[in-house]
Amino acid sequence: MQTPRPTRSVLYIPGSKDRALDKARGLPVDAIIFDLEDAVTPEAKVEARATLKAALEGDGYARKLKIIRINGLDTEWGKGDVEALRDAKCDAFLLPKVNGAADIDALAVMLPEGRDIWAMMETPKGILHAEEIAAHPRVTGFVAGTNDLAKELNCRYRADRLPMQMALQMIMLAARAHGVTAIDGVYNQFKDQDGLRAECEQGRDMGFDGKTLIHPDQVAVTNECFAPSEAEIDLARRQIAAFEEVEKSGQGVAVVDGKIVENLHVETARKILALAEAVAQTSAE
Ligand code: COA
Ligand code: MG
């Protein structure tokens, strides 16, 4: 089994802010989105390219996945962002407001061969075309853009996110159908730790691999919620052991804590242990 790369915490950093770019080097996040889009004002956008380029050349981000969010190609900055940063030391380019696979094609032809593309899933058209976007050979990650989505849907923010459940699930379905990493949207009240925890739990329940963050104070809770818990690890170990035991006598079903364990549950259990192992390695670095 391939060791998974944890993507629990994915922090947005304004690409224009030297101090935040520097601070992020020491934060225990799994991934960084270096933002040139909404976190940067129009006046600062051109200069931000050079600031970000210098930060990436200086590196120091260690194992963190480095993702650059450019401006849309239909804006006055998008093409310039790509030209300035196409060869930058990063793992993927994140395209905002993707409406369909054609938007990915337009970026792909401007990037070096093999450069990964992530898609912001945040427009009604993008959600309706989620599968063709996930199926695009260059796309390896989805980020739910829940603020834009709420704006476009004209829905209200609710703690249970009921008005955007279907959109979130379409993101998940498309991502899983095509082996794409799926990261949940941001939690805007960055001082509210309990609210953040509840939303992380909901995202994890749905299957998301991690959550996008706007502030360093959100990292610890998110890392915890998207890593397997001690109880999950313990259960996974007991399920594997019980299943291996019944297999010896030629049976295909074990019972653990009053619940059946079949081959498919063992596969899930092994995935949990592999992720726990990857998280432990990450923490040790
Ligand atoms: N990444 C890295 N460092 C960050 C950060 C981030 N996203 N947000 C804040 N910090 C740093 C600050 O630079 C500050 O560092 P310092 O103590 O060394 O000076 C420290 O964390 C504390 O910041 P704080 O004063 O609590 O926050 P703030 O009031 O300066 O900023 C926000 C609050 C929300 C404006 C800011 O966190 C931010 O811009 N977040 C990103 C927003 C974004 O990317 N939006 C687009 C995607 S939705
Ligand atoms: Mg957006």
Side-chain angles (χ1 to χ4, degrees), residues 7-27 29-61 64-98 103-104 107 110-111 115-123 126 139-152 181-190 196 210-219 222:
T7 49
R8 298 163 298 168
S9 46
V10 182
L11 178 65
Y12 282 104
I13 304 182
S16 54
K17 290 196 181 155
D18 265 325
R19 195 166 173 79
L21 287 166
D22 188 43
K23 193 180 177 80
R25 292 189 166 95
L27 295 173
V29 292
D30 290 334
I32 296 174
I33 296 175
F34 298 97
D35 195 19
L36 296 172
E37 199 215 15
D38 284 350
V40 179
T41 59
E43 299 72 40
K45 280 198 194 280
V46 171
E47 207 182 318
R49 294 172 188 154
T51 307
L52 176 52
K53 202 166 176 206
L56 288 168
E57 273 163 16
D59 203 2
Y61 295 103
K64 299 174 180 67
L65 205 61
K66 298 186 285 285
I67 300 152
I68 297 175
R69 184 165 79 168
I70 58 170
N71 289 282
L73 296 178
D74 56 348
T75 69
E76 64 183 279
W77 304 286
K79 288 193 175 70
D81 291 346
V82 180
E83 279 158 19
L85 289 148
R86 65 189 294 280
D87 296 314
K89 211 168 145 189
C90 73
D91 297 289
F93 272 67
L94 173 59
L95 187 63
K97 301 181 177 69
V98 175
D103 292 343
I104 304 292
L107 175 59
M110 299 171 68
L111 290 174
R115 179 73 101 180
D116 283 356
I117 297 176
W118 283 31
M120 288 300 304
M121 299 300 288
E122 55 187 349
T123 68
V139 171
T140 57
F142 270 1
V143 177
T146 39
N147 280 321
D148 268 300
L149 200 52
K151 170 179 166 250
E152 294 295 318
T181 296
I183 309 297
D184 201 355
V186 298
Y187 185 67
N188 291 337
Q189 298 93 303
F190 61 91
L196 172 66
K211 190 168 181 67
T212 41
L213 311 176
I214 46 182
H215 193 280
D217 287 354
Q218 296 184 311
V219 176
T222 308

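Below, each value reflects all heavy atoms present in this structure, side chains not excepted, and no hydrogens, waters or symmetry copies.
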For [X] and [Y], indicate whether the former's side chain and the latter's backbone hold a donor-acceptor pair under 3.5 Å.
{"X": "Lys64", "Y": "Arg25", "result": "yes"}
{"X": "Arg115", "Y": "Cys90", "result": "yes"}
{"X": "Gln218", "Y": "Lys211", "result": "no"}
{"X": "Lys79", "Y": "Met110", "result": "no"}

query = Say you draw a straight line from CG of Leu149 to CE of Met121; how long is it, rounded to the nearest 0.5 Å?
reply = 9.5 Å
query = How far does CZ of Phe34 sit from CD1 of Ile68, to the nearest 0.5 angstrom?
reply =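 If I round to the nearest 0.5 Å, the distance is 7.5 Å.
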message = Looking at Lys53, I want to see if its NZ is surrounded by more than 12 non-hydrogen atoms of other residues, nucleotides or ligands under 6.0 Å.
response = no
ask   = Quick one: salt bridge (charged side-chain N to carboxylate O under 4.0 Å, His left out) partners of Asp35, sequence neighbours excluded?
value =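 Arg69.
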key: Derivation of the side chain to side chain contact (heavy atoms under 4.5 Å, CB included) call for Leu95 and Ile70   = CA-CA 6 Å; Leu95 187 63; Ile70 58 170; 3.8 Å; yes
When the side chains of residues 41-49 are checked against the rest of the protein, which donor-acceptor pairs come out under 3.5 Å, sequence neighbours left out?
| unit_1 | atom_1 | unit_2 | atom_2 | d |
| --- | --- | --- | --- | --- |
| Thr41 | OG1 | Ala44 | N | 3.4 |
| Lys45 | NZ | Leu36 | O | 2.9 |
| Lys45 | NZ | Glu37 | O | 2.7 |
| Lys45 | NZ | Val40 | O | 3.1 |
| Lys45 | NZ | Asn71 | OD1 | 2.9 |
| Arg49 | NE | Asp81 | OD1 | 2.7 |
| Arg49 | NH2 | Trp77 | O | 3.1 |
| Arg49 | NH2 | Asp81 | OD1 | 3.4 |

So [Y] and [X], do their side chains get closer than 4.5 Å, heavy atoms only?
{"X": "Val10", "Y": "Asp30", "result": "no"}
{"X": "Val82", "Y": "Leu111", "result": "yes"}
{"X": "Lys97", "Y": "Glu122", "result": "yes"}

Give the minimum heavy-atom separation between [X] and [Y], together with the two atoms involved.
{"X": "Thr222", "Y": "Arg8", "answer": "CG2-O, 3.4 Å"}
{"X": "Trp118", "Y": "Ile183", "answer": "CZ3-CG1, 3.8 Å"}
{"X": "Ala55", "Y": "Leu21", "answer": "CB-CD1, 4.1 Å"}
{"X": "Gly185", "Y": "Thr212", "answer": "C-OG1, 3.2 Å"}
{"X": "Asp91", "Y": "Asp116", "answer": "O-CB, 3.6 Å"}

